[in-house]
Every structure is written in C-alpha cells, then in structure tokens.
Amino acid sequence: MAVPPTAPTASVRTRFCPSPTGLVHVGLIRTALFNWAHARHSGGTFVFRIEDTDAARDSEESYRHLVDSLRWLGLDWDEGPEVGGPNGPYRQSERHDVYREVAAKLLASGHAYESFSTNEEVDARRRAAGQDPKLGYDNHDRTLTEAQKAAFRDEGRQPVLRLRMPDEDLTWTDLVRGEVRFAAGAVPDFVLVRGNGAPLYPFVNPVDDALMGITDVLRGEDLLPSTPRQLALYAALTDIGVASGTPRFGHLPLVTGEGTKKLSKRDPTSNLDVYRERGFLPEGLVNYLALLGWSIAEDRDVFSTAELVEAFDVTRVSANPARFDLKKAEAINATHLRALPVEEFTARVVPYLAAAGLVGEPPTAEQDAVLRAIAPMAQERMVVMSEAVGLLGFLFVDEVAIDPAAAEKQLAGETAVEVLDAATTALRELPEWTTPAIEQALKDALVEGLGRKPRQAFGPVRVAVSGRTVSPPLYESMELLGRERTLDRLAAARTLAGAG
RNA sequence: GCCCCCAUCGUCUAGCGGUCCAGGACGCCGCCCUUUCAAGGCGGUAGCACGGGUUCGAACCCCGUUGGGGGCACCA
C-alpha cells in the first residue's frame, strides 16, 4: 500500500544574507556553508543577498570582501549579486520601493499600525503599572483613534509602523532543535519601519525571504528569539498575498572562541582573512568549519567538499555550541595539504614564495626545477601554505639568514666548530655532488670520523645550510643548493660558531 | 529581571531504549621508525553534570536542580 506524501516536495531554496559591515567572521561563513551545503545536497537553489539597509555601517569594501571570500571557498550562488536572477535586485539598498509597498499593504490591511509612543513614555507607563520597564513596548498604540494620531502629528511626531502580534502561542518545528514554543503575549508589537521611513531588518529580512521564495532558513542561534516575530510577519504577509507560506527554520549552534562566549568580531581568531593569509586551503577550512556542529560519520572527519555535499543533512546538525579549535583546524588542513597532488601543491605554494620575493611569478626555469625537486619533501612537513616561505626560503637566496635561536642551539661551542670543519673537508673534494655521495661523505666524516651521534652531527650542518633547525631533508637540500653555496654557508657558520 | 536554547573525554563529536564496563578525531603522554623537525605506525590518558521518575532495561524518554549560553533597540 502506498504511503501518501507528507509534504509537497517543493525544491529547496536557501539563502545567505550578510550585512556588509567589517570583517568576514568564521561563524558567518559556517552559516553560509551550511546553507550552501543544504541547497547543493538537495539539488536546490542557493541565494546570496546583501542586507545593506544600514547606510552608516555598510561599506562597499566589505561587500566586495564578502563576495571574494565566498568565491575563494567555492561557495557558489545561483542567484545574487554579480550573477543576477529572477528575484533581484539582491541588495536591499536597491529594494526600498518594494519595502514601501509592502509596508503600505500591511498598514492598509490592519496587520500593522502607526505607533507614536516614545521609549520614555513606554517606560513611564510600565513603571506606573508596577512593571519592569525591560518588558518593552506595551502595545499601547494599537487602539489610537484618528483624532489622537492627528494630534500627535500636529506635535510634529513621526509614527513608526508596528506589526500587530497575534494573540496566540507561536511555535515551529526547528530543523535542528525540534519543537520550540513562545507563549502568546511574550513578544510585543515590533517596529517594521522607522519614523523616518527606513525599513528595519526584522521587516525586510522576511519580506525578501518571502519574495525570493526561500524555503529553508538556516541561521545562527542568536536569531532564535526573533523567530516568533518572523512567524507573525509571515502570517500577515501570507494573508495579504506577499508570501505563500512560512519557511522552515533551523537554528545553528553558535561558534564560540577560547572561552564559552560567542566568538566576537573583536577576537582575531574570528577573522576569515587570517586563515586565508596563513595559507589554509579552502577545502581544508570548509572541512573544519563543517565539523562545527556536524559530522560526516562515526569514525571519520576528513572529507572533501564534494563528500560534504553528498552527505550533508541539516536535521543531523548538533544543537550545542561549538568551540573553534585552531589546533584541530590546522590538523585537518594539514591532512588536506598532504593529500594534494604534488604539482597542485607546488602551484599553490608559488604565490606565497613570490609574495615573499623568493621566486618570480612565474618562477624562472631554475627556480621551477628546485621547487619541483623539493616539493614532495616540503609538503609532508607543512600545515599551512605560508610555512613554505620559512621552510624553503634558503634554497632561493645566496646567503642564508640564520635564525638566532637555531644558532644558539646548534652553532655554539667547540663541537659545532669541529663538525663544520669536518663537513667542509669531506665535501670540498667530493668527486660527485649527489645526494647519496653527500650522505655517505658526511656520515663517514661525522658519524664514523668524529664518532658523533647522528642527531648531534647533523644539527650544526642543517642550521648552517638552511638557517633553521627544521628543514627539508639535508642531503637533498645540499644537492639542490650546489657545492659552492653549501661550502660558503658552512664557512659562514664556522665563523659564527668560532666567535661564540 | 523576563523569554528562549544547550548539557557525552580538555576540545569537536558518534550514540537516536538493550549490540556502550560509551566509538572516532584534535590535543596530550609513551614506544617504533629516524639525519633535526615533522610526517607515518603502534599504544595510552580522559567523559555520559546532579537528583528524581518511566521501563524488565536509560547516555538515550519525562520532570526538577545546577551549570553554561543567547536574546530582550526606531542595529543587523
């Protein structure tokens, strides 16, 4: 026997609707990612909309930055700025006529009304009634007569437009939290349009969602308390024919910082750019961000963006807050970085080396040869791309700058002098300059000859050659560097060690 | 203050009434490998906030307590 369908299967439409103010926050991006993944998983549509209704705080630069960030992460949108679509414009600053018209309908239909009370008057009324002023607006102006309104106007007052909240409980089934209920009367009539005519976020956001046919609203938990207002607005919009029903809501867990508080824009770890500049891979960051509230399987947490799309299920998103853990983000990224085909890795590393002035862009033939040779060895000891600068820089300069800490550790005292001298002697006359020959010569001279333990024998040589205690494999590095530069560096380090 | 949300290792999580003396990952510790540092391999450490129910049986359901968080604008 056939089971009747439980709901019309209209195709999913999600949206990401940031306001372009300041930095791009990783929590914001996590929200974008989940909306995107939900749309892609279900074969739906992902809409990108800019909520720039606050001229004082919005900036064009911030808008560009948002667009650029989404592109970098590979979160493509089907409708929105720069790609267009049938429901545009997609910037609220260009939609004021729409809001004016909807506001007028709401007023005419009686769902909204003009309110003249000042905050001071509301406060005073609350106190007079022995109530806490924090209760907010008291719905006092619902019943104003035309004569009273006219009197206020004569005083020069400009009314705000408020939505008349229904006198019944407001509930919905949250996609991540299940049943949520707010008691009737708990939410006062709220302002849709300012006295000066400027529409407010709680008004324009649902209006645009309705007009753009959004079916699934995935947003931060901080917006959960505003949902009853949206539900009421949606009912009114549906009544006047602007909306055709209410979307599903899913409130995503907050992303917290070091403590237990919501990750603030002030916290440097909240800035997406920091990760991009450090050389996180977009797919690595996407993977980590997806883990903030979601998991792909019981025994796995590294996955591609394609696998994320394939497996993503909003209803399996966790309801508890997630702390942003840099160490884990790095570990996930490192795994992605190592999994890159070596040519791909090389190509991605070039911009970082070029920005540091180490190679040309594109690299010269010689630089390219060195890069290709060292890439596989560099790849397995890096976490983020920018580390290539410190790790490989010594291969692309004439004289290496020795890290003071490394010098102190490995180039101080008699033993270092001895080692460097022995290494120099062994390498100067080496018949062929190849990795195996270098290895054999050094082992003979330092381990056999001087009787040093490998870890003590090669430390000073490594620092002399690369300038650091951490480097790609030593013999290969020396071969790439060439005999002349290698001997010069041993000599320079010898001077340093001798002086110390 | 009022409203709402949340509660499994230090952290992110798996778990959707028995297969859990709770699994994975990061971190941390140890060992192996080894030319440093990594990487890799192997092993270890550590948790169901508390109290009541319901049930033959609860990490999973219900209630309460405690704790944490979020929201209460003519900001978004």
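This one's a predicted model, so the numbers in the text were calculated from it and none came from an experiment. In the text below, chain A, chain B and the rest are named by the order of the sequence lines, each starting its count at 1.
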Using atom [atom1] of each nucleotide, how far apart are [N] and [M] to the nearest Å?
N: B/C60; M: B/A7; atom1: C1'; value: 13 Å
N: B/C2; M: B/C62; atom1: C1'; value: 26 Å
N: B/G18; M: B/U11; atom1: P; value: 27 Å
N: B/C32; M: B/U13; atom1: P; value: 36 Å
N: B/A25; M: B/G64; atom1: P; value: 38 Å
N: B/C9; M: B/A49; atom1: P; value: 7 Å
N: B/C28; M: B/G47; atom1: C1'; value: 16 Å

Next item on the list: Kindly check if the number of other-residue, nucleotide or ligand heavy atoms within 6.0 Å of CG (A/D167) is above 12?
Entry: no
Among [options], which nucleotide sits nearest the side chain of [X]?
X: A/P202; options: B/G24, B/G1, B/A76; value: B/A76
X: A/P225; options: B/G70, B/U35, B/C4; value: B/G70
X: A/D301; options: B/U13, B/U35, B/A25; value: B/A25
X: A/R316; options: B/G1, B/G15, B/A76; value: B/G15
X: A/T260; options: B/G69, B/U35, B/C74; value: B/G69
X: A/V191; options: B/G24, B/C74, B/G68; value: B/C74

In whole angstrom, give the distance that lies between atom [atom1] of [X] and atom [atom2] of [N].
X: A/F190; N: B/C75; atom1: CZ; atom2: C1'; answer: 15 Å
X: A/E120; N: B/C74; atom1: CD; atom2: C1'; answer: 12 Å
X: A/I296; N: B/G15; atom1: CD1; atom2: P; answer: 13 Å
X: A/L170; N: B/G71; atom1: CG; atom2: P; answer: 21 Å

Check: Reckon A/K261 has a side-chain N or O less than 4.0 Å from the OP1 or OP2 of B/G69?
Finding: yes
Next item on the list: Ignoring backbone atoms, test whether A/K409 places a side-chain nitrogen or oxygen under 4.0 Å from the OP1 or OP2 oxygen of B/U36.
Entry: no
Just the atom pairs and distances: protein N or O near nucleotides 39-48 of chain B's N or O, under 3.5 Å.
from: B/A39; atom 1: O4'; to: A/E380; atom 2: O; distance (Å): 3.3

Dump every N/O contact between nucleotides 58-66 of chain B and the protein below 3.5 Å, one line per pair.
none

Next item on the list: Assess whether one donor atom and one acceptor atom, taken from the side chain of A/R468 and the base of B/U36, lie less than 3.5 Å apart.
Entry: no
Check: Do you know which two heavy atoms are closest between A/A375 and A/T346, and how far apart they sit?
Finding: CB-OG1, 3.4 Å
Check: In this structure, which one of A/R162, A/R157, A/R125 forms a side-chain hydrogen bond (donor to acceptor under 3.5 Å, both in side chains) with A/S117?
Finding: A/R125
Notebook entry, point to check: Watson-Crick or G-U wobble partner for B/C48, using a 3.5 Å limit on both distances?
Noted result: none
Notebook entry, point to check: Got a donor-acceptor contact below 3.5 angstrom from the A/D138 side chain to the A/D123 backbone?
Noted result: no
Notebook entry, point to check: So what does A/Y475 touch, heavy atoms closer than 4.0 Å: a base, only the sugar-phosphate, or nothing?
Noted result: base
Margin query: Once you apply a heavy-atom cut-off of 4.0 Å, does A/G459 come out as touching a base, just sugar-phosphate, or nothing?
Written below: nothing
Item checked: Pair A/F324 and A/Y288, ring centroids less than 6.0 Å apart -> yes
Contact list (N/O, under 3.5 angstrom) for nucleotides 6-11 of chain B vs protein:
from: B/U8; atom 1: OP2; to: A/N320; atom 2: ND2; distance (Å): 3.2

